[in-house]
Amino acid sequence: MKAMNFLAFAGGVGGAKLAEGLVRAVGPEQVAIIVNTGDDFTLYGLHISPDIDTVMYTLAGIANPETGWGIAGDALENYGMFERYGAAPWFRLGDRDLATHLLRTEMMNEGATLSEVTRKLARRLKVASLILPMSDDPVHTLVDTDKGALPFQEYFVKHRWQPVVRGLMYEGSAEAEPSPSVLRRIETADTIVICPSNPYLSIDPILSLHGIHDALLNASAPIIAVTPIIAGEAVKGPAAKLMKELGVEPSAVEVARHYADFINGFVLDVRDAELRQKIESMGMGVLVTDTLMHNSDERARLACEIVTFADQLRPEKLGGCLLDKTEAPGV
Ligand code: GDP
C-alpha cells in the first residue's frame, strides 16, 4: 500500500483539533493543512495570524486548550504594562506568543512570504506537517453587522460575536492568489478533509480564492467534510448564531448543503443520526459517529474513522490508520 497524502482545510480551534487527529492517524509527513488567513490582522505593527498559530501550536503540542488561542502556561506580563500605559488592548497576546508575532513580522518586513515564515517557525517547533497559509496576499474577512461593517477580530474578540450578522465579505480575495502549491496539493491529494471549522468564517475565505473551488470540483481524491454543528448548536463560537442570522437553519444538513457541490462524504454527529438520509439524498456518503473531540485520543479516533471512510469512497484502498496497526486509540 502506498503512502498517503492527506490535505485538510482548517480554521482555528475545530480545524486544529482534527488536524492533530489526522497527524496521529496517518503520520505527520502525510498531512498538509491549508489554513484560513482571513482573520489575520495587524496590532502594534505586528502581523498576527490567529488560525495559523492555533494550528501550529496545536501540532507542536503547546496550544492552550482552555482559551483556544495562545500557548499553554503563557504569561500576560506585557498586558499589565499596556494597562500601566492606559492602553489596555482588547486583543491579548501572551508573552511567549509575542515572540512568534515579532519574528513573523521581522521576516515579512525583510521580504519573506507568510508561507515561508510559517514553514520556518513550524520547523523550529518541530512540526513535521506542512502548514500552508491559504494565500500570501492579504485577505480580510469583514463582518457586516447591525453595528456596521466590522473587521473580523473586532466582531469576534472585541464584540464577542454579539452583533447581528447581515453578511460577510472577504476583502482582497478577488485579487489574492492561493499560496504556492495549494492548487497542486488539491490536485494530487489522496484524501481531502474539510475540518469541522466554521463554514462561513473559516472555510469560505479559503474557497473564495481564485481557483480553489474549481480545483476541488476537479480533484480526484474523495473530499470529506466534518460537521461543526451538533444538534443545531456549534461546539464553540458563533457558527450556529451566524447561520440563523444569515437565514440558514443551523443544522448539519445545511452544512452538508453548503459544501454539496464538491464533497463526496460527510461526517455527521451521532446525536444527529436521524439526518442521515436527508444528507445521503444530496448524493454523498455519510459517516455517523461521535464527532466531539474532548482530548487527543478522541481526535485520533475520529481521524482514524475518517481514514477508513475515505477508503470506502474511492476505488483503491490506501495505507489505513496507523493506530489500527499499533495501539488502540484509547477510547
Ligand atoms: P476558529 O477560527 O478558532 O473559530 O476555529 P474553527 O473555525 O476551526 O472552528 C470553530 C468550529 O469548530 C465551531 O463551529 C465549532 O462548532 C467546531 N468545533 C470545535 N470543536 C469541535 C469538536 O470537538 N467537534 C466538532 N464536530 N466540531 C467542533
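Along the sequence shown, the residues carry numbers beginning at 1. Atoms within a ligand are numbered from 1 in the order they appear, just like the ligands themselves.
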- Starting from the C-alpha separation in whole Å, work towards a yes-or-no answer on side-chain contact (heavy atoms from CB on, under 4.5 Å) for I263 and I224. CA-CA 6 Å; I263 63 174; I224 297 169; over 6 Å; no

- Item | Any side-chain heavy-atom pair of V139 and S173 under 4.5 Å | yes

- Query: Is the closest side-chain heavy-atom distance between W90 and Q153 below 4.5 Å?
  - Reply: yes

- Query: Going by the order shown, which atoms of ligand 1 are within less than 4.0 Å of some heavy atom of A234?
  - Reply: 16 (O)

- Note on the structure: At under 4.0 Å between heavy atoms, what of M293 touches ligand 1? The answer is both

- Item | Closest protein heavy atom (residue, atom, distance) for atom 9 (O) of ligand 1 | G14 N, 3.0 Å

- Identify, for atom 24 (N) of ligand 1, the protein heavy atom at the shortest distance, and state residue, atom and that distance. T291 O, 2.8 Å

- Atoms of ligand 1 close to G12 [distance to a heavy atom under 4.0 angstrom, numbered from 1]: 1 (P), 2 (O), 3 (O), 5 (O), 6 (P), 8 (O)

- Is there any ring pair (Phe, Tyr, Trp, His ring centres under 6.0 Å) pair reaching into residues 228-285, and which pairs are they, with sequence neighbours excluded? Y200-H258, H213-F262, Y259-F262

- The protein heavy atom nearest to atom 28 (C) of ligand 1 is V235 CG2, 3.5 Å

- Heavy-atom check, side chain of W69 versus side chain of P50, under 4.5 Å: no

- Message: Using a 4.0 Å heavy-atom cut-off, which part of P196 comes near ligand 1: side chain, backbone, both, or neither?
- Response: both

- Side chain or backbone of P228 under 4.0 Å from ligand 1, or both, or neither, by non-hydrogen atoms? both

- Message: Just to be sure I read this right, does ligand 1 sit under 4.0 Å from the backbone of K17, its side chain, both, or neither, counting only heavy atoms?
- Response: side chain

- Message: I need the single residue from T105, T100, D40 that forms a side-chain hydrogen bond (donor to acceptor under 3.5 Å, both in side chains) with H47. Which is it?
- Response: D40

- Which heavy atom in G285 sits nearest to a heavy atom in L313, and how many Å separate them? CA-CD2, 4.4 Å

- Message: With the threshold set at under 4.0 angstrom, would you say T54 reaches ligand 1 through any of its heavy atoms?
- Response: no

- Query: Quick one: does T227 get a heavy atom under 4.0 Å from ligand 1?
  - Reply: yes

- Query: Taking only heavy atoms of D51, which atoms of ligand 1 are found under 4.0 Å from at least one of them?
  - Reply: 2 (O)

- For atom 13 (C) of ligand 1, find the nearest protein heavy atom and state the residue, atom name and distance (0.1 Å precision). K236 O, 3.1 Å

- Results of side chain to side chain donor-acceptor pair (under 3.5 Å) for K158 - residues two or more places apart only: none

- N or O contact, G15 vs ligand 1, cut-off under 3.5 Å: yes

